[in-house]
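The structure appears right after this line, and notes come after that.
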Protein chains: 2
Amino acid sequence: MGISIIDLAKHCNLSVSTVSRALNNQYGVSEKARQKVLKAVDELRYVPNEGAKELVRKRSNVIGLILHGDDYEVEPAFLHHLPYINQVLNEAGKDTMIQTISRVNYHSGELQQFIQKRNFEGCIIFPGFLKGHPIFDDVLKIKTPVVVLEEEIEAPHCSSINTDEILGGELATEHLILSGHKHIGFINGLGFIHISNLRFQGYKKALEKHGIPYNQEYVMESNYKGEGGAEASTELLQRNPEITAIFFANDVMAMGAISNLSKRNIAVPQDISIVGYDGHRLSQFYNPPLTTIQIQYKEIGGKAAHALLELIEGRQGKSVSIVPRLLKRESVKRIDY
Amino acid sequence: MGISIIDLAKHCNLSVSTVSRALNNQYGVSEKARQKVLKAVDELRYVPNEGAKELVRKRSNVIGLILHGDDYEVEPAFLHHLPYINQVLNEAGKDTMIQTISRVNYHSGELQQFIQKRNFEGCIIFPGFLKGHPIFDDVLKIKTPVVVLEEEIEAPHCSSINTDEILGGELATEHLILSGHKHIGFINGLGFIHISNLRFQGYKKALEKHGIPYNQEYVMESNYKGEGGAEASTELLQRNPEITAIFFANDVMAMGAISNLSKRNIAVPQDISIVGYDGHRLSQFYNPPLTTIQIQYKEIGGKAAHALLELIEGRQGKSVSIVPRLLKRESVKRIDY
DNA sequence: GTGAAAGCGCTAACAA
DNA sequence: TTGTTAGCGCTTTCAC
């Protein structure tokens with residue numbers, strides 16, 4: 001293990017405490033001593049051991065990033081936020097540690113263990129844990145600051161950052177309505193996932209706002225996967241040939257559906273209009289470029305990181321709502337009636 | 001800070017060292033004492049402080065994951081490997097810490113600093129740093145085990161995991177040739193990125209193997225982005241209308257191109273055949289499903305993690321080559337001539 | 001302005 | 001089998 005503060009002190013003919021003070025920019029160090037220390041740091045390539053600091057200071061400067069670790073066949077949602085969050089935290093001088101937690105085999109208390117083990121100053125729980133997952137009970141039991149992404153939580157030591165999913169569903173559906181569509185299908189993701197319900201609510205809200213009767217026949221539940229989108233849309237259109245547009249609860253299902261429709265010579269947007277949800281990086285290069293709802297990953301990441309920093313400073317938790325944007329592209333056709 | 005080993009010892013009427021031994025499953029502890037300790041751990045919810053262990057053991061159990069941190073407009077390549085690597089490492093009992101390092105403003109010695117600061121047992125350098133980046137010089141200067149992804153490096157304390165990119169380029173091009181294409185364009189990514197050259201070599205190798213003369217006019221360099229792929233393919237086809245197939249050095253450019261061609265009523269694969277590279281998760285749901293070269297992210301991640309674990313155990317570094325696979329889908333048309 | 005010394009939580013000699 | 005103690009690298013009283 002490299003050289004320690006003791007080596008540094010010897011090299012400078014100073015006491016350890018003086019060196020420590022110089023290193024931490026504290027008062028009560030002569031300019032001469034300070035310079036001597038700084039010079040020695042350079043010469044000896046001294047790097048302070050954060051672990052040792054942590055032990056005495058009782059704060060670690062480490063943030064735990066809690067990801068689910070079950071299967072990555074489906075693109076894990078956390079990947080979109082991760083780099084942005086990490087970058088902001090790093091810039092604020094925090095180090096980040098990834099903790100993979102099982103969605104299925106979680107045992108109560110696991111979160112606390114991870115926090116204590118590495119003495120996390122706070123943590124961020126990434127999307128992927130279902131509402132009602134025991135990890136959220138554990139979050140309420142502790143006092144360590146926690147920021148939860150894409151999930152509501154209320155406690156003084158917690159903040160949550162949520163996209164306004166209802167608005168997202170509404171924007172998507174309304175865009176279809178304003179483009180002249182009357183018979184609009186909705187293919188939702190898994191019903192037990194919270195955001196599915198919100199996006200669904202948005203769909204209904206838009207219909208109502210524009211005086212279009214809600215038809216249960218036009219709604220199907222799928223699985224957020226490409227194949228699922230393809231199957232569901234096939235069935236939906238077969239049963240309801242009058243449908244001219246479909247809103248999918250995520251981009252992947254929308255893509256799966258378009259790809260599949262195309263094989264059967266049903267063209268988008270000529271024969272049917274499609275709106276996705278997520279604003280996936282590749283959606284703009286889809287064929288046709290996909291109209292979708294943009295989730296603001298960078299904004300969410302930044303706000304999440306700052307919210308955590310605030311909690312660590314001692315401020316009260318809050319709930320932040322992020323406004324999604326409609327990205328108008330080419331998968332929707334304007335129709336006259 | 002929770003309860004310490006001293007509290008535990010008092011609670012058990014045992015000495016700290018006995019408790020420590022019991023906790024670490026060491027010999028020389030009576031069954032009775034061990035049980036007493038284990039029970040107390042449960043009751044008091046004792047969680048050992050890893051930082052303190054680290055200090056005395058001089059090994060941290062922490063792996064540094066080195067990511068670049070400059071811009072994430074383009075999907076960062078590291079995201080694909082990250083969850084797999086992290087999962088294997090976590091399962092092996094290692095914790096992982098993310099360190100974001102600038103590609104542009106790197107100053108020599110930065111890597112060592114990060115390693116010493118948190119006492120990393122080893123680190124993994126993710127793709128994104130160019131060949132010749134000063135971080136690789138630093139890697140050679142240290143003795144801490146390092147695994148480098150998608151970059152060659154040779155030293156006893158280093159291992160590197162590389163996709164056989166030449167083979168990838170060859171497979172892609174050969175598939176086109178075997179489908180009857182003679183005039184095959186290649187749209188490469190940025191020339192100063194190492195993998196670009198390798199994929200290009202693979203392209204030439206396949207041509208040569210099948211006796212098709214290499215035509216420099218058929219090759220263009222773009223930027224790995226969707227718009228770039230669109231522009232380059234437009235120009236390429238304009239200048240060389242006899243081209244019937246294009247191999248793109250990544251999926252995103254291929255998608256950008258297809259989307260753009262489609263607007264101009266050039267259909268894939270009817271009018272032109274396309275092969276991408278990467279095996280992006282969404283490529284199978286593209287319209288049409290994209291024929292591409294699958295990079296084995298999971299395999300690479302797993303091998304990288306294990307390679308690092310081996311280095312930490314004291315074994316010599318090695319270089320692992322991963323074989324990419326051709327995913328035959330529907331963006332290539334078989335033509336007769 | 002500086003130094004001596006205690007102590008953070010833990011492991012690992014060494015003694016008993 | 002158990003206990004005592006030194007010490008990992010650092011910060012922080014408390015004297016001087």
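Computed over heavy atoms, backbone and side chain alike; hydrogens, waters and symmetry mates excluded. Just so we're on the same page: letters track the sequence lines, and every chain starts at 1. None of these values were measured; they are calculated from a predicted model.
The closest side-chain heavy-atom distance from Glu152(A) to Asn162(A) is below 4.5 Å. Taking the side chain as every heavy atom from C-beta outward, Ile125(A) and Ile101(A) never approach each other to under 4.5 Å.
The shortest distance between the side-chain N/O atoms of Lys58(A) and the OP1/OP2 oxygens of dG9(C) is below 4.0 Å. The phosphate of dT4(D) has neither OP1 nor OP2 within less than 4.0 Å of any side-chain N or O from Ser15(B). At dT2(C), none of the side-chain N or O atoms of Thr18(A) fall inside 4.0 Å of OP1 or OP2 (strictly under the cut-off). In terms of phosphate contacts, Tyr46(B) brings a side-chain nitrogen or oxygen within less than 4.0 Å of OP1 or OP2 of dC10(C).
Nucleic acid contact for Gln26(B): sugar-phosphate only, since backbone atoms but no base atoms lie under 4.0 Å from a heavy atom of the residue. Here Glu50(A) lies out of heavy-atom contact (under 4.0 Å) with every strand. Ser30(A) comes within 4.0 angstrom of the backbone, heavy atoms only, and of no base. Residue-level contact check: Ser17(A) touches the bases, meaning some heavy atom is under 4.0 Å from a base atom.
Atoms CD1 (Ile6(B)) and P (dC8(C)) sit 7 Å apart, rounded to a whole Å. Nucleotide dT11(C) holds its C1' atom 13 Å from the CG atom of Asn49(B), rounded to whole Å.
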Note to self: If you apply the rule side chain to side chain donor-acceptor pair (under 3.5 Å), what do you find for Gln99(A) with Asp95(B), and how did you get there?
What the structure shows: CA-CA 7 Å; Gln99(A) 279 298 344; Asp95(B) 288 325; 3.1 Å; yes
